[in-house]
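A short worksheet on the structure shown next.
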Number of protein chains: 2
Amino acid sequence: MNSSSTPATLGVRQAQKLKTRQALLDAALKLLEEQSLSSLGLREVTRVVGVAPAAFYRHFRDMAELGVALVEESLASLHVMIRAVLAEQQEAEEVIDRSVEAVADHVRRHPAHVRFVARERHGGVRAVREAIAAELARFGDEVAAALAAQEASRGWSAEDVRMLAGLYVDHLVMTASAFVEASADDPAEERAEERAIADTARRQLRLISLGRRHWPAAS
Amino acid sequence: MNSSSTPATLGVRQAQKLKTRQALLDAALKLLEEQSLSSLGLREVTRVVGVAPAAFYRHFRDMAELGVALVEESLASLHVMIRAVLAEQQEAEEVIDRSVEAVADHVRRHPAHVRFVARERHGGVRAVREAIAAELARFGDEVAAALAAQEASRGWSAEDVRMLAGLYVDHLVMTASAFVEASADDPAEERAEERAIADTARRQLRLISLGRRHWPAAS
DNA sequence: CCCTGTGGCAAACAGTTGTTTACTGAAACC
DNA sequence: GGTTTCAGTAAACAACTGTTTGCCACAGGG
């Protein structure tokens, strides 16, 4: 029933392989909602997928390698999202509102991905930590480039721009973490707490924006 | 050789018990430098201490319970430190320098504790996460109280003060994480990277401080 | 001085883990 | 159409896990 839905350029062979690979990633991500990567067992994952333990090795050498793959999957979508927000040139107040709403939306749509990144950013698996750090750094560079292009940054040193970008990225990650942690509670209070978090995030961004406007730019 | 160094009010019995309990905590903390709590085994800890696995249950029901104990131990010292910084009323510029230096110092002295908190703040063990969150919240309240007492906060709403306190606490945790992550590299670059992190942190705090000064206080 | 409370021990338990081995069947290639 | 490639299998491996049991040695209070 789905033989025509696979990209024509891929053989049936490779398509099937990619399918189980994705199944492994999905199963791992689901299991990681309630534990951390360094305690996630290979057999645990294959059991959920319904595949023999040895089959795991056809796709990943380690659980660490699977983790790195999850990092890429998780941060790719975020990349797209924030790029869209940065693209539109608008009033500061409005870009703040849009950013916070975009983050909230992203968390609503990919809660497991966000949780995974927040958890493993300082987690027990070195390779995964480094993958996340590298991706967030590229992320910061991107934000810095966007900031530098704005007239509000005239006369700013590159380091100062990068510093501000870091502040924004850190704040974004903290806000996303707060959202995803709040959604773990019962859905009754979920809405209220979500709005409280968004409100605080907006005020914090407004304060930062204010500090930015009064930053002593070297001539 | 140390029979006279124990507090006289404790019997030999309780003193010995506390000693092995502390040994368990220390061993766990050391092991947690390279893995996360949810993957740390009970036997692993007792093996390092040199004690039978069953002995563990005389002190903790779970690894989770041990984790909560570690949270208290880890954040107690930080509490003391930041209280000292907040106590002294000084020029904004100087309080920033002192704060960053105090954080750097604290990380240098208790790297394992800081790493543990950063790792388990979003880690896989619910009870530990909640313990950390609760402690950080109390922490934020304390900072908020100190901020409210300053004349720079005249006319601020309580929510705004709490929002600013949250920003400071988050920033403190992020900075501490950055320090401890940097110290994992080779000691050659350690000094340089440490100064870079401190420098960025100071500039970020300065920008926040600037935003604070220009925040529209309701009359 | 004896008795009780208890921190720690050794042993055994059923499960689970990661990894290797030789294999099968079907897609892909010439 | 025969042959090669390879994703997935089943079974076995030693090593490890958390937890329970009965026991001992000994500090502390009477």
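Remember, predicted model here, so these are calculated numbers, not experimental data. A, B, ... follow the sequence lines: proteins, then strands. Residue 1 opens every chain.
- Listed by chain and number, the residues in a salt bridge (charged side-chain N to carboxylate O under 4.0 Å, His left out) with B/D199 are B/R202, B/R203 (sequence neighbours excluded).
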With a cut-off of 3.5 Å and sequence neighbours excluded, list every side-chain donor-acceptor pair involving residues 169-178 of chain A.
{"residue": "A/H171", "atom": "NE2", "partner": "A/Q204", "partner atom": "OE1", "Å": "2.7"}
{"residue": "A/T175", "atom": "OG1", "partner": "A/H171", "partner atom": "O", "Å": "2.8"}
{"residue": "A/S177", "atom": "OG", "partner": "A/V173", "partner atom": "O", "Å": "2.9"}

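- B/S77 meets the side-chain hydrogen bond (donor to acceptor under 3.5 Å, both in side chains) test with B/H106; sequence neighbours excluded.
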Q: For DNA chain D, produce a single dot-bracket line, 5' to 3'. Pairs: Watson-Crick or G-U wobble, both distances under 3.5 Å. Symbols: ( ) within strand, [ ] crossing, | other strand, . unpaired.
A: ||||||||||||.||||.||||||||||||
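- Nearest heavy atom pair, residue B/V180 against residue B/P111, reads CG2-O, 3.5 Å.
- With a heavy-atom cut-off of 4.0 Å to chain B, the contacted part of DNA chain C has its first and last nucleotide at C/dG5 to C/dA12.
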Show the atom names and distances, to 0.1 Å, of all donor-acceptor pairs under 3.5 Å that link a side chain in residues 122-149 of chain B to residues at least two apart or in another chain.
{"residue": "B/R129", "atom": "NH1", "partner": "B/G123", "partner atom": "O", "Å": "3.1"}
{"residue": "B/E135", "atom": "OE2", "partner": "B/R138", "partner atom": "NE", "Å": "3.4"}
{"residue": "B/E135", "atom": "OE2", "partner": "B/R138", "partner atom": "NH2", "Å": "3.0"}
{"residue": "B/D141", "atom": "OD1", "partner": "B/R162", "partner atom": "NE", "Å": "2.8"}
{"residue": "B/D141", "atom": "OD1", "partner": "B/R162", "partner atom": "NH2", "Å": "3.1"}
{"residue": "B/E142", "atom": "OE1", "partner": "B/H79", "partner atom": "NE2", "Å": "3.4"}
{"residue": "B/E142", "atom": "OE2", "partner": "B/R83", "partner atom": "NE", "Å": "2.6"}
{"residue": "B/E142", "atom": "OE2", "partner": "B/R83", "partner atom": "NH2", "Å": "3.2"}

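- The side-chain heavy atoms of A/F179 and A/V114, taken from C-beta on, include no pair separated by under 4.5 Å.
- More than 12 heavy-atom neighbours from other residues, nucleotides or ligands sit within 6.0 angstrom of CD on A/E101.
- Side-chain atoms of A/Q150 and A/R212 include a donor-acceptor pair closer than 3.5 Å.
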What side-chain donor-acceptor pairs closer than 3.5 Å can you find for residues 48-61 of chain A, not counting sequence neighbours?
{"residue": "A/H59", "atom": "NE2", "partner": "A/T20", "partner atom": "OG1", "Å": "3.4"}

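- In this structure, A/H59 atom NE2 and D/dC6 atom C1' are separated by 11 Å, rounded to whole Å.
- Against DNA chain C, the stretch residues 26-47 of chain A makes heavy-atom approaches under 4.0 Å through A/G41, A/L42, A/R43, A/R47.
- Partners of A/E194 by salt bridge (charged side-chain N to carboxylate O under 4.0 Å, His left out), not counting sequence neighbours, listed by chain and number: A/R108.
- Atom CG of A/L24 and atom C1' of D/dG8 are 11 Å apart (whole Å).
- In this structure B/R206 satisfies the salt bridge (charged side-chain N to carboxylate O under 4.0 Å, His left out) test together with B/E93, sequence neighbours excluded.
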Dump every N/O contact between nucleotides 23-27 of chain D and the protein below 3.5 Å, one line per pair.
none

Run the side-chain donor-acceptor check on residues 24-46 of chain B: report pairs under 3.5 Å with partners two or more places apart or on a different chain.
{"residue": "B/D26", "atom": "OD1", "partner": "B/Q22", "partner atom": "NE2", "Å": "3.0"}
{"residue": "B/Q35", "atom": "OE1", "partner": "B/S39", "partner atom": "OG", "Å": "3.2"}
{"residue": "B/Q35", "atom": "NE2", "partner": "B/E44", "partner atom": "OE2", "Å": "2.9"}
{"residue": "B/S36", "atom": "OG", "partner": "A/S36", "partner atom": "OG", "Å": "3.3"}
{"residue": "B/S36", "atom": "OG", "partner": "A/S38", "partner atom": "OG", "Å": "2.5"}
{"residue": "B/S38", "atom": "OG", "partner": "A/S36", "partner atom": "OG", "Å": "2.5"}
{"residue": "B/S38", "atom": "OG", "partner": "A/S39", "partner atom": "OG", "Å": "3.2"}
{"residue": "B/S39", "atom": "OG", "partner": "A/S38", "partner atom": "OG", "Å": "3.2"}
{"residue": "B/S39", "atom": "OG", "partner": "B/S36", "partner atom": "O", "Å": "3.0"}
{"residue": "B/E44", "atom": "OE1", "partner": "B/G41", "partner atom": "N", "Å": "3.1"}
{"residue": "B/T46", "atom": "OG1", "partner": "B/L42", "partner atom": "O", "Å": "3.4"}
{"residue": "B/T46", "atom": "OG1", "partner": "B/R43", "partner atom": "O", "Å": "2.9"}

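- B/Y57 comes within contact range of at least one nucleobase, with a heavy-atom separation under 4.0 Å.
- Heavy-atom neighbours of A/E159 CD from other residues, nucleotides or ligands within 6.0 Å: at or below the threshold of 12.
- DNA chain C is contacted by both A/P53 and B/R21; B/R21 maps to the nucleotide lying nearer its 5′ end (nearest heavy atom per residue).
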